[in-house]
Amino acid sequence: MSMSPGLKFREAIKTEQPLQVAGAINAYAAMMAEQVGFRALYLSGAGVANASFGLPDLGITTLQDVLEDIRRITSVTELPLLVDIDTGFGGAFQIARTIKEMQRAGVAAVHIEDQVAEKRCGHRPNKAMVHTDEMADRIKAAVDARTDSSFVIMARTDALASEGLEAAIERARKYVEAGADMLFPEAVGNLNEYKQFAEAVQVPILANITEFGKTPLFTAQQLREAGVGLALYPLSAFRAMNAAALSVYRTIREEGSQQKVINLMQTRAELYDFLHYYDYEHKLDLLFGMNEKDNKEGQ
Ligand SMILES: C[C@](O)(C(=O)O)[C@H](CC(=O)O)C(=O)O
Ligand SMILES: [Mg+2]
């Protein structure tokens with residue numbers, strides 16, 4: 001029997017410390033990340049909002065919006081996928097529905113956070129929190145709804161910024177008591193704080209190494225030494241793609257040609273490699289009795 005996605009995710013955390021989790025904005029990005037050796041993928045809430053819907057990351061996208069992107073990714077990769085479900089998309093019944101749909105879509109793990117429904121990016125000011133008990137209820141609703149016990153429910157706390165370390169650790173303890181399998185302390189500013197979270201709760205800790213935020217770009221080795229179990233790069237490739245795309249658009253407009261930015265581009269051959277394009281074409285050629293050699297032209 002093949003391993004469930006949740007089990008794969010849990011195994012990956014044992015194999016690699018910290019487990020590097022690659023943000024993949026779409027199916028093709030997921031394929032590239034898998035083929036360069038990542039053992040787990042991430043679908044970012046901000047990524048879904050920004051890239052797929054052109055919206056800010058302020059709790060505007062819905063369960064269905066996220067599911068659409070999930071299905072595209074899980075249909076092309078064997079890697080376990082961690083998904084950002086923001087605050088769960090509603091009350092207890094809706095959270096239960098979210099977890100059921102995640103399992104059906106082949107997701108391995110989700111993180112659910114303790115901000116109010118009108119959530120903000122974790123690295124922005126003025127985040128508002130729900131009461132600890134309300135978040136514990138969110139976690140319980142999620143845990144009760146899973147039918148595969150290996151499916152991972154990760155609790156994210158955004159409390160550090162507004163309530164300080166001690167209060168955030170207290171929340172973390174309660175979230176683990178409520179059944180959270182892993183912990184995501186958001187917007188952590190130094191390694192010592194990770195250490196303290198890790199010591200306080202005996203579950204894997206995730207470090208969100210998102211760029212241009214509150215967390216320095218700690219290396220995997222630094223995080224390992226601080227007792228961190230997972231290192232997340234939610235939007236790194238997306239930010240790079242956007243910068244490259246913008247440069248290409250501007251250059252074509254200004255120069256009337258893309259010649260100057262060709263070096264920013266993936267070649268046709270590279271694009272095809274990750275898609276296993278030539279295997280498809282080979283089958284097509286056999287089907288139509290074509291001479292394969294002709295197709296290698298112009299690669
Ligand atoms: C991890 C995160 O929740 C996301 O949606 O990717 C964001 C990332 C970011 O905005 O840089 C976050 O709130 O940290
Ligand atoms: Mg998010």
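One-based numbering, in listed order, for ligands and for the atoms of each. Heavy-atom basis, side chains included; hydrogens, waters and symmetry copies ignored.
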Next on the checklist: Does only the side chain of Arg239 get under 4.0 Å from ligand 1, or the backbone, or both, or neither? Count heavy atoms.
Outcome noted: side chain
Checklist entry - So which residues get pulled into Leu191's cluster when ILVMFWY side chains under 4.5 Å apart are joined, directly or through others? => result Leu160, Leu165, Ile169, Val176, Leu183, Val188, Tyr194, Phe197, Val201, Val203, Ile205, Ile209, Leu217, Phe218, Leu223, Val228, Tyr233
Checklist entry - Quick one: nearest non-hydrogen protein atom to atom 10 (O) of ligand 1, plus distance? => result Cys121 SG, 3.1 Å
Checklist outcome for this item: Counting only protein N/O/S atoms, those under 2.8 Å from the Mg ion (ligand 2) total 1
Checklist entry - Where does the angle between the aromatic ring planes of Tyr277 and Tyr272 fall among parallel (under 30°), tilted (30 to 60°) and perpendicular (over 60°)? => result parallel
Item to check | Heavy-atom nearest option to atom 5 (O) of ligand 1, drawn from Asp158, Asn50, Asp84 | outcome: Asp84
Next on the checklist: Heavy-atom distances under 4.0 Å decide this one: backbone, side chain, both or neither, for Arg124 against ligand 1?
Outcome noted: neither
Item to check | Numbering as shown, the atoms of ligand 1 that approach Gly122 to under 4.0 Å (heavy-atom distance) | outcome: 12 (C), 13 (O)
Item to check | Per-atom contacts of ligand 1 with Pro234, taking only distances under 4.0 Å to non-hydrogen atoms | outcome: 6 (O)
Checklist entry - Yes or no on side chain to side chain contact (heavy atoms under 4.5 Å, CB included) for Ile70 and Val66, after CA distance, side-chain angles and deciding distance? => result CA-CA 6 Å; Ile70 289 169; Val66 178; 3.7 Å; yes
Item to check | Pair Asp158-Gln115, side-chain donor/acceptor within less than 3.5 Å | outcome: yes
Item to check | Check against side chain to side chain contact (heavy atoms under 4.5 Å, CB included), Arg104 and Glu101 | outcome: CA-CA 5 Å; Arg104 279 155 60 96; Glu101 291 297 328; 3.7 Å; yes
Next on the checklist: Restricting to non-hydrogen atoms, name the atom on Met182 and the atom on Phe9 that form the minimum distance, rounded to 0.1 Å.
Outcome noted: SD-CE2, 4.0 Å
Checklist entry - Which of the atoms of ligand 1 are close to Ala46, meaning less than 4.0 Å from one of its heavy atoms? => result 4 (C), 5 (O)
Checklist entry - With atoms numbered from 1 as shown, which atoms in ligand 1 lie under 4.0 angstrom from a non-hydrogen atom of Asn208? => result 1 (C), 12 (C), 14 (O)
Next on the checklist: Checking contacts here: is it the side chain or the backbone of Phe212 that comes within 4.0 Å of ligand 1, counting heavy atoms only? Could be both or neither.
Outcome noted: neither
Checklist entry - Ser44 side chain to Leu235 main-chain N or O, any donor-acceptor pair under 3.5 Å? => result no
Checklist entry - Between Glu186, Glu113, His111, Arg120, which one has a non-hydrogen atom sitting closest to atom 12 (C) of ligand 1? => result Glu186
Checklist entry - Which is closest to atom 9 (C) of ligand 1 in terms of heavy atoms, Ile209, Asp86, Thr210? => result Thr210
Checklist entry - Are Glu113 and Thr87 linked by a side-chain donor-acceptor pair shorter than 3.5 Å? => result no
Checklist outcome for this item: Atoms of ligand 1 under 4.0 Å from any heavy atom of His123, numbered from 1 in the order shown, are 14 (O)
